[in-house]
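Note sheet for the following structure.
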Amino acid sequence: MLRRVLIAGAAAAFASLTLAVTTVAGGQTKSYVALGDSYTAGPIIATQQQDPVGCFRSDHNYPHLVAAVLQVPSFRDASCSGAGTEDMTEPQDVNPGPANPPQFDGLDKSTQLVTVGIGGNDIGFEQIIRACATADRSSTPCQDRYLRGSHDEIKDRIAKTGPGIGDVLKGIRKRSPKARVFVVNYLSILPETGSGCWPQVPFADADVPYLRAKQHELNAELAKQARAKKAKLVDAFSASVGHDACQPSDVRWVEPIIGFSGAAPLHPNQLGMECTAVAALAVISPRTPTEGLCKPPAVVESPQVGA
């Protein structure tokens with residue numbers, strides 16, 4: 001009799017990445033700055049950085065992986081969990097402190113590559129999760145909170161956030177006029193069809209289509225602002241369809257709320273970060289090899305004792 005044993009893949013994947021790096025011709029990108037919120041920073045994913053602790057920034061998030069593959073000699077990851085568009089130009093209070101400096105401080109005229117993932121906190125990502133989570137899957141707390149007749153509060157928030165995202169892209173251009181700028185959108189949280197997976201992701205059945213639509217709208221706004229400001233879109237969302245938080249642990253790129261492991265709930269896990277890095281590299285440097293990245297944990301057949 002055989003049993004299937006899932007082997008943790010983060011360390012092995014990074015070791016394979018190191019081998020892949022040796023095949024890449026270095027020196028093409030000299031300076032890279034990553035900007036963004038927790039979907040960029042990678043809360044709980046090992047190893048968490050200390051600069052500052054309150055940003056919950058991983059050295060295995062997608063910017064670090066992209067920088068390693070491209071062998072960028074000057075790399076600055078300014079991303080910070082909880083960041084909004086205002087934190088590009090103002091210090092961000094975090095707990096524990098000290099404050100994270102304005103993320104734009106990492107930019108200068110020599111910067112050649114910028115990735116940015118922002119907008120979720122501007123529309124109140126954490127507040128929306130708290131308001132919509134429920135112990136009663138037959139209820140509709142999310143729509144009860146955010147829909148008032150024809151008025152959709154989250155839709156309005158997304159529309160108001162759009163100009164702020166545009167201002168971020170303009171600010172990047174002003175500080176780093178020679179940089180190639182890439183906007184990274186948000187990974188799929190909920191399945192593209194059906195009523196989700198209560199209680200692992202405890203949103204009511206009837207609220208799931210509404211929340212799914214709001215994520216589509218936010219990603220559409222990111223794409224709109226990228227086009228308007230002549231930045232390129234990294235469509236990590238499309239790559240992540242089928243890898244949402246309702247999938248098994250070796251398939252999902254985003255962790256559920258109940259049963260999350262190795263990453264913050266409703267945030268990218270290590271596999272999600274690796275696959276976002278691959279999606280980014282496919283746009284930034286299409287011919288760059290990415291062996292060792294975006295592969296689920298290895299499955300090994302082991303004989304059961306006494307079999």
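Nearest heavy-atom pair across Asp87 and Ala83 is OD2-CA, 3.4 Å. Considering every non-hydrogen atom in both Gln270 and His60, the closest pair reads OE1-CB, 3.2 Å. Shortest non-hydrogen contact noted between Cys142 and Leu211 is SG-CD2, 3.5 Å. Residue Phe237 comes nearest to Asn185 through the heavy atom pair N-OD1, 2.9 Å, listed as atom of the first residue, atom of the second, then distance. Considering all non-hydrogen atoms of both residues, Asp59 and Gln49 come closest at CB-NE2, 3.3 Å. In plain terms, the two heavy atoms of Asn95 and Phe56 that are nearest each other are O-CE1, 4.0 Å.
Looking only at atom types and distance, the side chain of Glu221 has no donor-acceptor partner in the side chain of His216 under 3.5 Å away. Asp108 and Ser110 are linked by a side-chain donor-acceptor pair at a separation below 3.5 angstrom, with hydrogens and angles left out of the test.
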**OP:** Take Thr115 and Val234, measure what side chain to side chain contact (heavy atoms under 4.5 Å, CB included) needs, and give me the verdict at the end.
**Re:** CA-CA 9 Å; Thr115 58; Val234 173; 5.9 Å; no

For Leu65 and Val69: C-alpha separation, side-chain torsions, deciding distance, then whether side chain to side chain contact (heavy atoms under 4.5 Å, CB included) applies. CA-CA 6 Å; Leu65 298 174; Val69 170; 5.7 Å; no

I'd like to know whether His267 forms a ring-ring contact (aromatic ring centres under 6.0 Å, His included) with Tyr186, so could you lay out the CA-CA distance, the side-chain angles of the two residues, the decisive distance to 0.1 Å, and finally the verdict.
CA-CA 10 Å; His267 280 75; Tyr186 290 94; 9.3 Å; no

Next on the checklist: Working note: Gln28 + Leu70, criterion side chain to side chain contact (heavy atoms under 4.5 Å, CB included); need CA distance, chi angles, decisive distance, verdict.
Outcome noted: CA-CA 8 Å; Gln28 294 178 343; Leu70 296 179; 6.0 Å; no

| task | Tell me, with the steps shown, if Arg145 and Glu153 meet salt bridge (Lys or Arg N to Asp or Glu O under 4.0 Å). | result | CA-CA 9 Å; Arg145 167 66 178 80; Glu153 183 177 335; 2.9 Å; yes

Ile189/Asp244 under side chain to side chain contact (heavy atoms under 4.5 Å, CB included): CA gap, chis, key distance, verdict:
CA-CA 5 Å; Ile189 297 172; Asp244 53 80; 5.9 Å; no

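How far NZ of Lys174 is from NZ of Lys109: 10.5 Å, rounded to the nearest 0.5 Å. Once rounded to the nearest 0.5 Å, the distance linking CG of Asp37 with SG of Cys55 reads 11.0 Å. In this structure, Ser38 OG and Asn61 CG are separated by 11.0 Å, a value rounded to the nearest 0.5 Å. Distance check, rounded to the nearest 0.5 Å: OH of Tyr39 to CG of Leu187 gives 6.5 Å. Expressed to the nearest 0.5 Å, how far NE2 of His64 lies from OH of Tyr32 amounts to 9.5 Å. Here the straight-line distance linking atom OG1 of Thr40 with atom CD1 of Ile118 works out to 7.0 Å at 0.5 Å rounding.
Aromatic ring orientation, Trp253 versus His243: parallel (interplanar angle below 30°, classes split at 30° and 60°).
Around NZ of Lys155, the count of heavy atoms belonging to other residues, nucleotides or ligands within 6.0 Å does not exceed 12. The environment of CD in Glu86 is crowded: more than 12 heavy-atom neighbours from other residues, nucleotides or ligands sit within 6.0 Å. Summarising the local packing, CZ of Arg148 is surrounded by more than 12 heavy atoms from other residues, nucleotides or ligands at distances under 6.0 Å.
Each of Ile128, Ile123, Asp152 was scored for a side-chain contact (heavy atoms from CB on, under 4.5 Å) with Lys214, with one residue passing: Asp152.
A salt bridge does not link Asp105 with Arg76: none of the charged nitrogens is closer than 4.0 Å to a carboxylate oxygen.
Distance alone, capped at 3.5 Å, is enough to place a donor-acceptor pair between the Glu274 side chain and the Cys294 backbone. Of the possible polar contacts, none joining the Gln71 side chain to the Ala68 backbone as a donor-acceptor pair under 3.5 Å is found. In this structure, the side chain of Gln92 engages the main chain of Ser81 through a donor-acceptor pair within 3.5 Å.
Checked against the 6.0 Å centroid threshold, His151 and Tyr146 do not count as a close aromatic pair.
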